[in-house]
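Just below is one structure, and these are the notes that go with it.
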Number of protein chains: 2
Amino acid sequence: MKISTKGRYALRLMLDLALNNTGEPVSLKDIAKRQEISDKYLEQIISVLNKAKYVQSIRGAQGGYVLTKKPEEYTVGMILRLTEGSLAPVACVEEDYNCERMSDCTTVLVWKKINDAVNEVVDHITLADLRDYEMQKAGEYVI
Amino acid sequence: MKISTKGRYALRLMLDLALNNTGEPVSLKDIAKRQEISDKYLEQIISVLNKAKYVQSIRGAQGGYVLTKKPEEYTVGMILRLTEGSLAPVACVEEDYNCERMSDCTTVLVWKKINDAVNEVVDHITLADLRDYEMQKAGEYVI
DNA sequence: ATTAATTCCTATTGACATACTATGAATTGG
DNA sequence: CCAATTCATAGTATGTCAATAGGAATTAAT
């Protein structure tokens with residue numbers, strides 16, 4: 001029942017971009033340094049985000065990545081589902097899954113409730129929420 | 001973000017015992033047949049439930065297993081945590097976990113919310129709820 | 001006392017996923 | 001031209017999953 005590093009790093013990566021959302025491209029090397037994550041591994045992760053047009057890449061020297069949308073427009077769910085695949089706790093509550101036991105199966109009730117509960121959380125937190133939380137937290141120690 | 005067969009089978013196994021809770025021991029072979037699960041695999045799973053005293057075993061011919069408590073007293077969370085280990089979506093929201101980034105880490109907010117949401121579900125469904133649901137469902141077609 | 005049915009215990013296996021590392025090509029600003 | 005960057009693909013070590021396998025121990029029924 002774990003979220004892998006892929007999803008976790010993707011979220012930190014996107015949050016990092018949201019916090020450095022100046023219009024200038026942010027290099028992966030910088031993100032990797034700030035987040036203390038292997039840059040080579042981050043390359044693979046951002047490649048997925050890039051192909052899905054969640055970020056735009058600028059190649060060459062001084063290149064990097066920028067968000068394609070406003071932080072408000074990314075939910076945590078979008079990012080996790082893209083990088084992790086489905087967040088469903090079991091295959092049988094995923095879209096168009098078919099199981100012969102389905103009609104008999106009582107435990108599927110539990111999986112559906114877990115699924116709904118998780119979706120409710122991840123689909124209502126945006127990158128902007130996390131960015132604001134982090135910025136506010138940073139401000140707490142100013143005075 | 002998946003629950004493994006171990007936890008899923010454990011829940012079906014326990015529900016099967018709740019539905020056949022006559023006081024007579026139920027053999028694993030029968031459970032395996034009803035649930036269409038490998039009996040050899042179920043042996044390993046029930047061994048965990050047995051060591052935790054969630055079930056009591058009766059050895060020898062005509063032996064089997066019985067629940068040690070009333071179905072009302074088992075939550076889905078108890079059964080899943082025992083067989084799956086922690087249900088936390090990431091290690092850092094588990095009890096007494098320590099991570100240097102903890103104080104900086106904004107994404108942990110997300111994991112905590114997921115964790116709470118899942119716990120809220122699994123800790124409020126009991127075996128009796130599932131048993132009643134299944135019995136009621138079976139009755140629907142009587143007339 | 002024997003047999004058959006059962007639980008109990010431990011080891012092994014094949015497939016797959018995870019979390020990277022490695023290598024090098026392509027692109028581009030300075 | 002060069003250094004910094006993204007892009008693409010391959011490899012790898014480790015671990016987990018989902019069983020399967022084999023047999024020992026126990027006990028009710030005959």
Side-chain angles (χ1 to χ4, degrees), chain A residues 1-13 16-17 20 24-33 35-68 80 83-87 89-92, chain B residues 1-13 16-17 20 24-68 80 83-87 89-91:
Chain A
M1 193 65 178
K2 288 280 178 285
I3 291 175
S4 73
T5 53
K6 225 165 162 184
R8 301 204 317 263
Y9 291 174
L11 191 56
R12 277 165 63 186
L13 192 168
D16 193 293
L17 283 176
N20 296 282
E24 292 297 298
V26 182
S27 82
L28 205 58
K29 215 180 70 184
D30 289 348
I31 301 177
K33 201 171 292 172
Q35 300 297 326
E36 300 176 89
I37 299 173
S38 143
D39 52 348
K40 275 307 193 181
Y41 191 30
L42 269 191
E43 266 186 23
Q44 292 173 32
I45 293 168
I46 207 162
S47 145
V48 177
L49 295 162
N50 190 20
K51 276 169 188 143
K53 303 264 178 66
Y54 283 25
V55 299
Q56 192 203 327
S57 68
I58 293 98
R59 301 191 63 172
Q62 260 55 44
Y65 299 89
V66 288
L67 296 180
T68 51
L80 291 183
T83 49
E84 287 280 302
S86 161
L87 296 180
V90 298
C92 63
Chain B
M1 193 62 182
K2 291 278 179 284
I3 290 174
S4 74
T5 54
K6 223 164 164 187
R8 302 203 319 263
Y9 292 174
L11 191 56
R12 279 164 63 186
L13 192 169
D16 192 292
L17 283 177
N20 296 282
E24 291 298 298
V26 182
S27 82
L28 205 58
K29 214 179 72 183
D30 290 347
I31 301 177
K33 201 172 290 170
R34 276 194 292 269
Q35 300 297 327
E36 301 176 90
I37 298 172
S38 145
D39 53 347
K40 275 304 195 181
Y41 191 29
L42 269 191
E43 265 185 25
Q44 293 173 33
I45 293 168
I46 207 162
S47 144
V48 176
L49 295 162
N50 191 18
K51 278 171 188 145
K53 305 258 179 67
Y54 283 24
V55 300
Q56 191 203 326
S57 68
I58 294 98
R59 300 192 65 172
Q62 262 53 48
Y65 299 89
V66 290
L67 296 181
T68 50
L80 291 182
T83 50
E84 287 279 302
S86 161
L87 297 179
V90 296

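Every chain is numbered from 1, with letters handed out A, B, ... down the list of sequences.
- Nearest heavy-atom pair, A:Ile46 versus A:Leu28, reported as atom, atom and distance to 0.1 Å: CD1-CD1, 3.8 Å.
- Bracketed by its first and final contacts, the part of DNA chain D lying under 4.0 Å from non-hydrogen atoms of chain A reaches from D:dA4 to D:dA10 in 5' to 3' order.
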Give the C-alpha distance, both sets of side-chain angles, the deciding distance and a yes or no for side chain to side chain contact (heavy atoms under 4.5 Å, CB included) between A:Ser86 and B:Lys2. CA-CA 9 Å; A:Ser86 161; B:Lys2 291 278 179 284; 4.0 Å; yes
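- Residues A:Tyr9 and A:Ile45 approach most closely at CB-CD1, 3.8 Å, considering heavy atoms.
- In this structure, A:Ser27 OG and A:Asn20 CG are separated by 10.0 Å, a value rounded to the nearest 0.5 Å.
- For DNA chain D, the residues of residues 42-52 of chain B within the heavy-atom distance limit of 4.0 Å (strictly under) are B:Gln44, sorted by number.
- Here A:Glu84 contributes atom CD and A:Leu11 contributes atom CG; the two are 10.5 Å apart, rounded to the nearest 0.5 Å.
- Closest approach of B:Thr83 and B:Gly7 over heavy atoms only: OG1-CA, 3.4 Å.
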Could you list the donor-acceptor pairs under 3.5 angstrom formed between side-chain atoms of residues 31-44 of chain B and any protein atom two or more places apart in sequence or on another chain?
| residue | atom | partner | partner atom | Å |
| --- | --- | --- | --- | --- |
| B:Arg34 | NE | B:Asp16 | OD1 | 3.2 |
| B:Arg34 | NE | B:Asp16 | OD2 | 2.9 |
| B:Arg34 | NH2 | B:Asp16 | OD1 | 2.8 |
| B:Gln35 | OE1 | B:Arg12 | NE | 3.1 |
| B:Gln35 | NE2 | B:Asp16 | OD2 | 2.9 |
| B:Glu36 | OE2 | A:Arg101 | NH1 | 2.4 |
| B:Ser38 | OG | B:Lys40 | N | 3.4 |
| B:Ser38 | OG | B:Tyr41 | N | 3.0 |
| B:Tyr41 | OH | B:Thr5 | OG1 | 3.0 |

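- In this structure the side chain of A:Pro89 never reaches within 4.5 angstrom of the side chain of B:Met1, judged on heavy atoms.
- Listed in residue order, the members of residues 27-41 of chain B having a heavy atom less than 4.0 Å from DNA chain C are B:Ser27, B:Leu28, B:Lys29, B:Lys40.
- Atom NZ of A:Lys6 sits about 13.0 Å away from atom CG of A:Leu13, to the nearest 0.5 Å.
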Show every donor-acceptor pair shorter than 3.5 Å between a side-chain atom in residues 58-67 of chain A and any protein atom, with sequence neighbours excluded, or say none if there are none.
none

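- Of all the residues in residues 57-65 of chain A, A:Arg59, A:Gly60, A:Ala61 reach under 4.0 Å from DNA chain C with at least one non-hydrogen atom.
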